[in-house]
Structure formats: C-alpha cells, structure tokens
Amino acid sequence: MSTKITNILILLLILTGFLVSLFLYSQLPEQMASHWNMRGEVDGYLPKIYGAFLLPIISIILFLVFLLIPKLDPLKTNLQLFRTEYNLLVAMVIILLLYIHVLSLWSNLASGVDVVGMILPAVAVLFFALARVLGKSKRNWFVGIRTPWTLSSDIVWDKTHQLAKWLFVFAGFVILAGWFFRDYAFELLIFSILIAVLLPVLYSYWLFQKQSKT
C-alpha cells in the first residue's frame, strides 16, 4: 500500500475517533474512568472533555511526528527501503490508539467491560507487527534497536534486528499468555518487554566487539 493511501486511511481512523466521541459525548459521565490496573480495576479518572478527546489528539500528534521522521532522518534513503513496513508501524499504532479509545468510551457507558482482557491481545498484535518492521528495517536513527553499535555497522544492525524480530514474536505470545493467566499479566508484560529490548542491545554490543576484533 502506498504512503499516500496509508496516510489517508490513518486520517480517516483519527477522524473516526473524534466523531465517535462527539456522538457519545452527551452520554458520557462527567468524570471518566481513564486508567485500569492489571486486575481490571479503575484507578484513574479524567474530566469528560479530556477523557473523550485525549487519545484522538495524541493520535494526531503522533501521526505528525511519524510524517516528519522520514524527512528528518540523516539516513532517510535507508528508511525508504522499508517504507512499506514503516507505514505498517504507523497504521498499527494509530489503530491501537483508536481501539483503546473506543474501548475506554464503551467501558464508561457500560458495566462489566473487561478492559485489560481486551487490550492484551491488541498489544500482542502490535508486537507481531513490530517484529515484521524490525525484520525488514535498515540502519536509521528513529526506528529499530538504535544503539551505538547498530548505528555504526550495517552488519551489526541487520543481525541484531533479525534476533529482535523473533524476540518480539516471542514477546507477543508471552503477552497473550497474560490473558489466560491474569494474576500474572503485568509480570508477563514486563518480562516480555525486557527480553525483547535488552537482549538485542546486549547482542549488538557483542556483535560489534566481535566484528572489531576481526
């Protein structure tokens, strides 16, 4: 899918978030539940004006940032080599925010909505999408495992991101496991993120040292 079509679809998604909020605004409570702990209990509230429109506004800001990145990156030619996957990343982030937004509105209008249980699979899908992006990414300053060692070598970058791709797939399945083991959902989420992020960083350092010696 071309960048232009992707951007149009993303704008339509963001517009949908605003329209849903406007349509439901009169029915929403003055103090909206905005945060839930891993047991699904509400532990944070926002005034209605913020609860109804904060996530769509954040979506606009993120979308503008994502539009700027390909223009600002000193290695923009490399980024264009995986532009399809980059577009996928942008779309998945916006879709996730819209999904959370609609879920939040729903939970404020109905009782018994399992917010955490419905968010966990969506986060897992985002990790699977990130795995695809990482596996196709080329050396750049904004997207990927950006360490001094990956940014210094295409070889280190490529090998590190091949490992990261499979670690993010693994993390996605671990996050899904949190849906079945709800008492440990938070621990599984943190564990998966640490594994997916820290191991590639350490691996990139080891690869760079190995390459330097040879």
Side-chain angles (χ1 to χ4, degrees), residues 1-18 54-104 118-151 154 156-176 178 189-190 192-201 203-204:
M1 188 178 298
S2 70
T3 298
K4 182 177 180 180
I5 293 176
T6 301
N7 290 342
I8 291 173
L9 292 176
I10 288 172
L11 287 172
L12 289 175
L13 289 172
I14 295 173
L15 178 61
T16 299
F18 277 105
L54 182 60
L55 283 179
I57 290 173
I58 291 175
S59 297
I60 290 178
I61 295 172
L62 284 177
F63 179 54
L64 293 175
V65 171
F66 279 125
L67 286 179
L68 284 174
I69 284 175
K71 303 180 185 300
L72 298 177
D73 197 326
L75 296 171
K76 62 185 70 176
T77 53
N78 280 357
L79 197 148
Q80 293 303 322
L81 295 175
F82 66 102
R83 188 59 190 261
T84 298
E85 286 72 27
Y86 178 81
N87 292 342
L88 170 66
L89 170 63
V90 180
M92 289 302 299
V93 169
I94 300 301
I95 290 171
L96 178 62
L97 288 175
L98 176 61
Y99 177 76
I100 295 173
H101 176 59
V102 172
L103 190 58
S104 173
M118 298 181 73
I119 285 179
L120 285 173
V123 174
V125 170
L126 178 64
F127 269 70
F128 295 143
L130 285 170
R132 176 177 173 81
V133 175
L134 292 172
K136 296 289 186 177
S137 69
K138 299 301 178 183
R139 189 162 54 97
N140 70 96
W141 284 87
F142 289 98
V143 180
I145 310 298
R146 301 174 311 283
T147 69
W149 313 293
T150 55
L151 291 173
D154 285 323
V156 174
W157 177 282
D158 291 340
K159 290 185 177 180
T160 296
H161 283 76
Q162 287 307 306
L163 172 66
K165 174 181 70 174
W166 294 113
L167 288 175
F168 269 73
V169 171
F170 168 76
F173 282 112
V174 173
I175 293 170
L176 277 178
L189 177 65
I190 297 302
S192 63
I193 292 174
L194 289 176
I195 291 296
V197 174
L198 289 182
L199 284 184
V201 171
Y203 184 61
S204 69

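We're numbering straight along the sequence, starting at 1. Side chains are part of it too, since the values below use all heavy atoms of this structure and drop only hydrogens, waters and symmetry mates. The model shown is predicted, which means the values in this text are computed figures rather than measured ones.
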For Gly135 and Gln162, work out which heavy atoms get closest and say how close. O-NE2, 3.0 Å

Value rounded to 0.5 Å, distance of CG in Leu134 from CG in Leu167: 10.0 Å

Sorted by chain and number, sequence neighbours left out, side-chain contact (heavy atoms from CB on, under 4.5 Å) with Leu67 holds for Asn7, Phe63, Leu64

Before you tell me yes or no, could you show the steps for Ile195 and Val174 under side chain to side chain contact (heavy atoms under 4.5 Å, CB included), namely the whole-Å CA-CA distance, both residues' side-chain angles and the distance that decides it to 0.1 Å? CA-CA 11 Å; Ile195 291 296; Val174 173; over 6 Å; no

Can you name the nearest heavy-atom pair linking Leu176 to Ala124, along with the distance? CG-CB, 3.6 Å

Got a sec, which pairs hit salt bridge (charged side-chain N to carboxylate O under 4.0 Å, His left out) with one end in residues 75-92, sequence neighbours left out? Glu85-Arg132

Partners passing ring-ring contact (aromatic ring centres under 6.0 Å, His included) against Phe128 (at least two apart in sequence or in another chain): Phe173

Can you pull out every salt bridge (charged side-chain N to carboxylate O under 4.0 Å, His left out) where at least one residue sits in residues 156-169? Sequence neighbours excluded, please. none

Qualifying residues under side-chain hydrogen bond (donor to acceptor under 3.5 Å, both in side chains), relative to Ser59, sequence neighbours excluded: none

Interatomic distance, CD1@Ile69 vs CG@Asn140, rounded to 0.5 Å, equals 8.5 Å

Which residues satisfy the side-chain contact (heavy atoms from CB on, under 4.5 Å) test with Ile119, sequence neighbours excluded? Ile100, Leu103, Val115, Val123

Mind checking the CD1-CG spacing from Ile193 to Leu189? Nearest 0.5 Å is all I need. 4.0 Å

Tell me every residue that passes side-chain contact (heavy atoms from CB on, under 4.5 Å) with Phe18, counting only those two or more places apart in sequence or in another chain. Ile14, Phe53, Pro56, Ile57, Ile60

In Å, rounded to the nearest 0.5 Å, how long is the span from CD1 of Ile145 to OG of Ser204? 8.5 Å

ring-ring contact (aromatic ring centres under 6.0 Å, His included) with Phe168: which residues, sequence neighbours excluded? Phe127

For Phe142 and Leu72, the nearest pair of non-hydrogen atoms, with its separation, is CE1-C, 4.2 Å

Restricting to non-hydrogen atoms, name the atom on Ala131 and the atom on Val169 that form the minimum distance, rounded to 0.1 Å. CB-CG2, 3.6 Å

For residues 58-68, which residue pairs pass the salt bridge (charged side-chain N to carboxylate O under 4.0 Å, His left out) check, not counting sequence neighbours? none

Who passes side-chain hydrogen bond (donor to acceptor under 3.5 Å, both in side chains) against Thr150, sequence neighbours left out? Thr147

Return the CG to CD1 distance between Leu9 and Ile95, rounded to the nearest 0.5 Å. 9.0 Å

Any residue meeting ring-ring contact (aromatic ring centres under 6.0 Å, His included) with His161, in chain and number order, not counting sequence neighbours: Trp157

Euclidean distance, Trp141 CH2 relative to Asp73 CG, rounded to 0.5 Å: 9.0 Å

Taking all atoms of both residues into account, what is the closest heavy-atom pair of Gly144 and Arg146, and its distance? O-NH1, 2.8 Å

Identify the heavy atoms of Pro70 and Gln80 that sit nearest to each other, and give their distance. CB-NE2, 4.1 Å

For Asp154, which residues count as a salt bridge (Lys or Arg N to Asp or Glu O under 4.0 Å) partner, sequence neighbours excluded? Arg139

